[in-house]
Number of protein chains: 2
Amino acid sequence: MSNLTILRTYALTNPSKLPPSVLFSHSPTSLTVYDAFPKSIFHFLILPRVQPPLVASDLSDLRKLLNGDKERAKEVIAALSEDAKTLRKEIEEEMLSRYGFKWGIWTGFHGAPSMDHLHLHVLSDDLCSDRMKNKKHYNSFHPKLGFFLDVDEVLSWFDAEPSYYSAMAKLDTKHYEAMLKTDLVCYRCNANMKNIPSLKAHLQEEWDVETRREKAKMERRREMEEKDSTKVTE
Amino acid sequence: MSNLTILRTYALTNPSKLPPSVLFSHSPTSLTVYDAFPKSIFHFLILPRVQPPLVASDLSDLRKLLNGDKERAKEVIAALSEDAKTLRKEIEEEMLSRYGFKWGIWTGFHGAPSMDHLHLHVLSDDLCSDRMKNKKHYNSFHPKLGFFLDVDEVLSWFDAEPSYYSAMAKLDTKHYEAMLKTDLVCYRCNANMKNIPSLKAHLQEEWDVETRREKAKMERRREMEEKDSTKVTE
DNA sequence: TATTCCGATAGTGAC
DNA sequence: GTCACTATCGGAATGAG
């Protein structure tokens with residue numbers, strides 16, 4: 001199976017046949033798989049299952065879906081969004097149990113995906129991962145650049161002017177691809193980064209800062225609680 | 001000492017002070033040094049010594065020299081050319097003693113050198129060397145490309161129309177640098193080479209062919225001589 | 001924008 | 001066009017049977 005069509009294969013497979021190393025969970029309308037090359041500590045893909053009257057080619061990518069039956073498209077994306085909400089809750093539980101605190105989670109599509117079959121990215125906002133290796137990787141998740149399309153924003157297109165919907169649904173590949181070549185800018189502090197190694201060091205530092213801040217919060221909370229319990233027992 | 005001015009330092013140093021790993025030989029007007037990064041089996045540089053009335057800056061590069069006193073320039077280059085003749089004889093002796101046969105030797109300047117102090121390249125035409133690493137290296141010695149200026153051709157400029165001399169003496173850096181970016185073409189068979197690894201393999205093969213041809217010649221000669229000597233002793 | 005491999009290309013720093 | 005180092009950029013193959 002080619003790398004480029006693996007997601008379609010997953011989406012067409014009975015979930016019970018998928019190994020646990022691939023499949024995280026599933027619903028009647030979607031499968032949630034681990035991203036094979038996670039770009040953050042947590043990184044999943046939610047794939048719509050192929051169900052009548054849709055066929056696999058209707059779901060090849062976001063542009064195809066949006067330029068088909070509009071109501072059907074809205075249903076598909078709304079269902080993915082619902083499953084993403086559930087997934088985010090599960091990720092947050094895992095954040096708490098593994099790290100003691102929660103942090104941001106992004107949910108969105110890529111404006112110009114290269115793998116076949118629609119996939120909704122759900123990933124934590126640390127962007128700390130060995131698999132983050134080049135500018136395209138980073139820019140494709142930068143939340144302010146335009147390439148990463150938040151699922152709620154995409155859903156809002158359905159309720160906007162039809163002309164706006166049509167304009168957004170074009171999803172011109174050249175236009176989106178150009179975004180990936182722009183300079184590296186930290187999505188947190190807007191600092192310009194010279195290259196990938198310095199960006200990664202910076203992202204790690206930003207993440208370390210967030211970790212320390214959260215640990216300190218936890219410590220203060222613990223002290224407060226201790227003081228309170230002391231008062232009670234006095 | 002900077003890499004970029006090392007040759008000037010050599011040219012200003014008493015030859016007896018230069019280590020034998022650097023200096024091959026010297027004459028009243030020049031020093032011959034081993035190229036520190038040889039691009040062929042044999043690769044030397046002949047450097048003009050700085051002698052009154054010239055100062056080091058007059059000899060910084062070919063363009064500077066040609067655009068100064070024309071007669072003086074001709075003397076300097078003619079002297080380098082004479083020393084190159086001697087050097088080629090010595091290289092050919094070494095070819096015979098080490099390889100049993102002689103092969104081509106090129107003698108010329110680079111149209112746009114980056115190291116300070118005029119240097120005449122004298123190198124065998126095999127172009128087989130680990131130090132040949134990129135397109136600039138190769139194109140800078142390609143005998144038909146224009147970047148490598150045979151010393152006899154440069155000498156011919158002095159006897160041409162003054163307007164031709166002036167035109168040639170300009171040695172526009174941009175013009176010459178552009179030549180280095182052109183496609184890789186085998187100087188022997190004009191075959192286009194896709195990249196450096198394939199060019200190097202091809203040059204090695206061309207050299208192996210030449211070696212086999214010369215070995216066969218030597219063998220035939222030996223057989224002839226044996227037959228002759230047999231005749232004599234019969 | 002799937003990765004990985006190979007190679008070309010570009011900028012820097014050397015002293 | 002000095003080298004060596006680092007990093008980016010650019011194309012091609014990729015699997016399965």
Side-chain angles (χ1 to χ4, degrees), chain A residues 1-10 33 35-39 43 45 61-63 108-117 119 121 130-142 145-149 171-181 183-184 193-200, chain B residues 1-9 35-39 45 61-63 109-117 119 121 130-142 145-149 171-181 183-184 193-200:
Chain A
M1 185 53 47
S2 155
N3 291 337
L4 300 166
T5 56
I6 188 74
L7 299 183
R8 187 172 60 204
T9 305
Y10 292 161
V33 300
D35 189 299
F37 302 91
K39 305 305 189 294
H43 190 174
L45 304 177
D61 56 47
L62 185 61
R63 183 177 46 184
F109 302 100
H110 280 166
S114 84
M115 265 198 304
D116 221 349
H117 202 78
H119 45 288
H121 289 270
D130 288 347
R131 310 325 255 286
M132 175 84 78
K133 292 181 176 175
N134 57 50
K135 186 183 271 195
K136 284 181 185 176
H137 289 161
Y138 178 73
N139 280 345
S140 74
F141 292 108
H142 193 298
L145 200 59
F147 188 91
F148 188 82
L149 301 167
L171 288 169
D172 180 64
T173 302
K174 289 265 179 294
H175 173 66
Y176 281 88
E177 284 179 348
M179 296 176 183
L180 297 176
K181 298 179 181 176
D183 288 352
L184 296 171
M193 296 291 134
K194 265 180 63 118
N195 51 41
I196 290 290
S198 57
L199 170 72
K200 285 171 68 69
Chain B
M1 185 52 48
S2 157
N3 291 337
L4 300 166
T5 56
I6 187 75
L7 299 182
R8 188 173 59 206
T9 305
D35 190 298
F37 302 90
K39 304 305 189 294
L45 304 177
D61 57 47
L62 186 61
R63 184 177 46 183
F109 301 100
H110 280 167
S114 85
M115 263 199 305
D116 221 348
H117 203 76
H119 46 288
H121 289 271
D130 288 346
R131 309 328 254 287
M132 175 85 78
K133 293 181 177 176
N134 57 48
K135 184 182 275 196
K136 285 181 185 178
H137 288 162
Y138 178 72
N139 280 344
S140 74
F141 292 106
H142 193 298
L145 199 59
F147 189 91
F148 188 81
L149 301 167
L171 287 169
D172 180 63
T173 302
K174 288 266 180 293
H175 174 65
Y176 281 89
E177 284 180 347
M179 295 176 182
L180 297 175
K181 297 180 181 176
D183 289 352
L184 295 172
M193 295 292 134
K194 266 179 62 122
N195 52 41
I196 289 292
S198 58
L199 170 72
K200 286 171 68 69

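Only heavy atoms go into these numbers, but all of them, side chains included; no hydrogens, no water, no symmetry mates. Protein chains get the first letters and strands the later ones, always in sequence-line order, with residue 1 at the start of each.
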Do the side chains of A/H43 and A/F141 get nearer than 4.5 Å, heavy atoms only? yes
Check whether any side-chain heavy atom of A/T5 sits under 4.5 Å from a side-chain heavy atom of A/D116, and report yes or no. yes
Take B/S140 and A/L184, find for each the nucleotide of DNA chain D with the closest heavy atom, and name the residue whose nucleotide sits nearer the 5' end. B/S140
Of A/F141 and B/N134, whose nearest nucleotide on DNA chain C comes first from the 5' end? A/F141
Rounded to whole angstroms, how far apart are NZ on B/K194 and C1' on D/dG11? 9 Å
A/K135 vs D/dT8: side-chain N/O to OP1/OP2 distance below 4.0 Å: no
Given D/dA7, C/dA14, C/dG7, which nucleotide is nearest the side-chain atoms of A/N195? D/dA7
Determine whether B/N139 and B/F147 make a side-chain contact, defined as any pair of heavy atoms from C-beta on separated by less than 4.5 Å. no
When the distance from CG of A/D183 to P of D/dT8 is rounded to whole Å, what number comes out? 12 Å
State, yes or no, whether a side-chain contact exists between A/L199 and A/K135 at a heavy-atom distance under 4.5 Å. no
Could you check how far OH of A/Y138 sits from C1' of D/dT8, rounded to whole Å? 18 Å
Base, sugar-phosphate, or nothing for B/H119, non-hydrogen atoms under 4.0 angstrom? sugar-phosphate
Could you tell me the separation between the CZ atom of B/F37 and the C1' atom of C/dA14, rounded to a whole number of Å? 12 Å
Between C1' of D/dC3 and NZ of B/K39, the distance in whole Å: 9 Å
Could you state the atom-to-atom distance from CG of A/D130 to P of C/dT3 in whole Å? 13 Å
Listed nucleotide nearest any side-chain atom of A/L4, set D/dT14, C/dT3, D/dT8: D/dT14
Write down the distance between NE2 (B/H110) and P (D/dC3), rounded to a whole number of angstrom. 10 Å
For A/Y176, answer base if it contacts any base atom (sugar-phosphate contacts may also be present), sugar-phosphate if it contacts only those atoms, and nothing otherwise; contact means non-hydrogen atoms under 4.0 Å. nothing
A/F148 side chain reached by A/H121 side chain, heavy atoms, under 4.5 Å: yes
Considering only heavy atoms and no angle criterion, is a donor-acceptor pair shorter than 3.5 Å present between the side chain of A/N3 and the base of D/dT14? yes
Under-4.0 Å side-chain N/O to phosphate OP1/OP2 contact, A/K136 with D/dG10: no
Donor-acceptor under 3.5 Å (A/K200 side chain, A/M132 main chain): yes
I want to check something: taking the side chain as every heavy atom from C-beta on, are B/L149 and B/H110 in contact at a cut-off of under 4.5 Å? no
Roughly how many Å is it from CG in A/L180 to P in D/dT8, rounded to a whole number? 15 Å
Between C/dT3, D/dT8, D/dA4, which one does the side chain of B/R131 approach most closely? D/dA4
If the cut-off is 4.0 Å, is B/K133 near the phosphate of D/dA4, judged by side-chain N/O to OP1 or OP2? yes
For DNA chain C, which ranges pair as stems of 3 or more consecutive Watson-Crick or G-U pairs, with both donor-acceptor distances under 3.5 Å? C:2-14 with D:2-14
Checking A/H117 side chain against A/M115 main chain: does a donor-acceptor pair fall under 3.5 Å? no
Under 4.0 Å between any heavy atoms, over every strand shown, what does B/I196 touch: base, sugar-phosphate, or nothing? Just pick one. sugar-phosphate
